[in-house]
Amino acid sequence: MLPDISGIIIIAGNYGSGKSETAVNLAVVSRRAGKSVKITDLDLVNPYFRSREAKKPLEELGVEVVLPDKKYMHADLPILTSAVGDMIKNPAQVTILDAGGDGAGVTVLAALADVLKKSHVKLLQVINPLRPNTSDVQGCIKIKAQIEAAAKLPVTGLISNANLLDETTPQIIYDGYNLVTRVSEATGLNIEFITASTRLMPQLDTERISCPILPIDRLLAFPWTRT
């Protein structure tokens, strides 16, 4: 079952959680389902994986990509254009904000607080249990608190993105799902969906997973593979 989620969706997570790849693939799946989609990249911290790098394939699918002016494209500064505010005021059926990692990364959301508080917003925390700070329930809850404090918004749902890139196995995905299930039980937050690479999708026993699964194709390049 694919995720069927609409509205203004903020994707946030600690460094290495894979939230940018999650945001981009959610945009792709939503657009292919026939929904109008807008996405903006507010990740001003992580220099490696940024959803702005997927601009061309997203636009070819009909996704509207909202980015800062070209002169600010690679600046690690809180550059917020009026276009981002307009995007929130006039959302598509699915409007995605890739908000950066950890508390520092989502601080940029506080600058949009006046616009965001007038809208119904879903703030989803991406959890990769293979990262040191989110390997247990306590760590996930600590990151959740950091995100909420910086963004001045409550986390409303969870996403499991358990992976070791090409070394990911079905068991890793099951283990990640089990961890996020425990986080869900501890916080009362719903698991919106989990992720799995398209390579692994045929190998998964979906009877072991009681939430939607977002298929992931790698659309963002490692910095050392760019030309």
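Fair warning: this is a prediction, and the values are worked out from it, not measured in the lab. Numbering of residues begins at 1 and proceeds along the displayed sequence.
With a 4.5 Å cut-off on side-chain heavy atoms, Ile5 and Leu26 count as touching. The shortest distance between side-chain heavy atoms of Asn25 and Thr195 does not fall below 4.5 Å. Counting heavy atoms from C-beta outward, Ser184 and Leu158 have side chains that approach closer than 4.5 Å. Counting heavy atoms from C-beta outward, Ile8 and His120 have side chains that stay 4.5 Å or more apart. With contacts defined as side-chain heavy-atom distances shorter than 4.5 Å, the pair Ile141/Thr187 qualifies. Contact annotation: the side chain of Pro129 never approaches that of Asp136 to less than 4.5 Å [non-hydrogen atoms, C-beta and beyond]. Contact of the Val29 side chain with the Pro215 side chain is registered, since non-hydrogen atoms from C-beta on lie closer than 4.5 Å.
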Under the salt bridge (charged side-chain N to carboxylate O under 4.0 Å, His left out) rule, what do Lys35 and Asp4 come out as? Steps first, then yes or no, please. CA-CA 10 Å; Lys35 296 181 180 180; Asp4 183 11; 2.5 Å; yes

Evaluate Tyr177 against Ile172 for side chain to side chain contact (heavy atoms under 4.5 Å, CB included), listing each step before the verdict. CA-CA 9 Å; Tyr177 172 68; Ile172 285 173; over 6 Å; no

Checking Asp217 against Val24 for the side chain to side chain contact (heavy atoms under 4.5 Å, CB included) test, could you report, in this order, the C-alpha distance in whole Å, the side-chain angles of both residues, the deciding distance, and whether it holds? CA-CA 9 Å; Asp217 281 315; Val24 167; over 6 Å; no

Could you go step by step and tell me if Ile213 and Ile173 meet the side chain to side chain contact (heavy atoms under 4.5 Å, CB included) rule? CA-CA 11 Å; Ile213 303 174; Ile173 293 174; over 6 Å; no

Yes or no on side chain to side chain contact (heavy atoms under 4.5 Å, CB included) for Ile147 and Val155, after CA distance, side-chain angles and deciding distance? CA-CA 8 Å; Ile147 290 171; Val155 170; 4.2 Å; yes

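By the side chain to side chain contact (heavy atoms under 4.5 Å, CB included) test, Ala145 pairs with no residue at all, sequence neighbours left out. With sequence neighbours left out, the side chain to side chain contact (heavy atoms under 4.5 Å, CB included) criterion links Asp166 to Arg218. Taking Lys122 as the reference, nothing meets the salt bridge (Lys or Arg N to Asp or Glu O under 4.0 Å) condition, with sequence neighbours excluded. In terms of the side chain to side chain contact (heavy atoms under 4.5 Å, CB included) criterion, residue partners of Gln171 (sequence neighbours excluded) are, by chain and number, Thr169, Tyr174, Asp175, Arg208. When the side-chain hydrogen bond (donor to acceptor under 3.5 Å, both in side chains) test is applied to Thr206, no partner is found at least two apart in sequence or on another chain. For Arg131, the side chain to side chain contact (heavy atoms under 4.5 Å, CB included) test picks out Asn14, Tyr15, Asn128, Thr134, with sequence neighbours left out.
Distance check, rounded to the nearest 0.5 Å: CD of Glu192 to CG of Leu214 gives 12.0 Å. The distance from the CD1 atom of Ile10 to the OG1 atom of Thr95 is 11.0 Å, given to the nearest 0.5 Å. Taken to the nearest 0.5 Å, the CD atom of Glu21 stands 9.0 Å off from the CG atom of Asn163. Once rounded to the nearest 0.5 Å, the distance linking NZ of Lys55 with CG of Leu58 reads 9.5 Å. The NZ atom of Lys38 sits 13.5 Å away from the CD1 atom of Ile9 when rounded to the nearest 0.5 Å. Between Ile209 atom CD1 and Cys211 atom SG the span is 6.5 Å, to the nearest 0.5 Å.
Without hydrogens or angle criteria, Ser6 side chain to Val94 main chain gives no donor-acceptor distance under 3.5 Å.
Residue Glu59 qualifies as enclosed at atom CD: its count of foreign heavy atoms under 6.0 Å is above 12.
With hydrophobic clusters built from ILVMFWY side chains whose heavy atoms lie under 4.5 angstrom apart, Val65 shares a cluster with Ile11.
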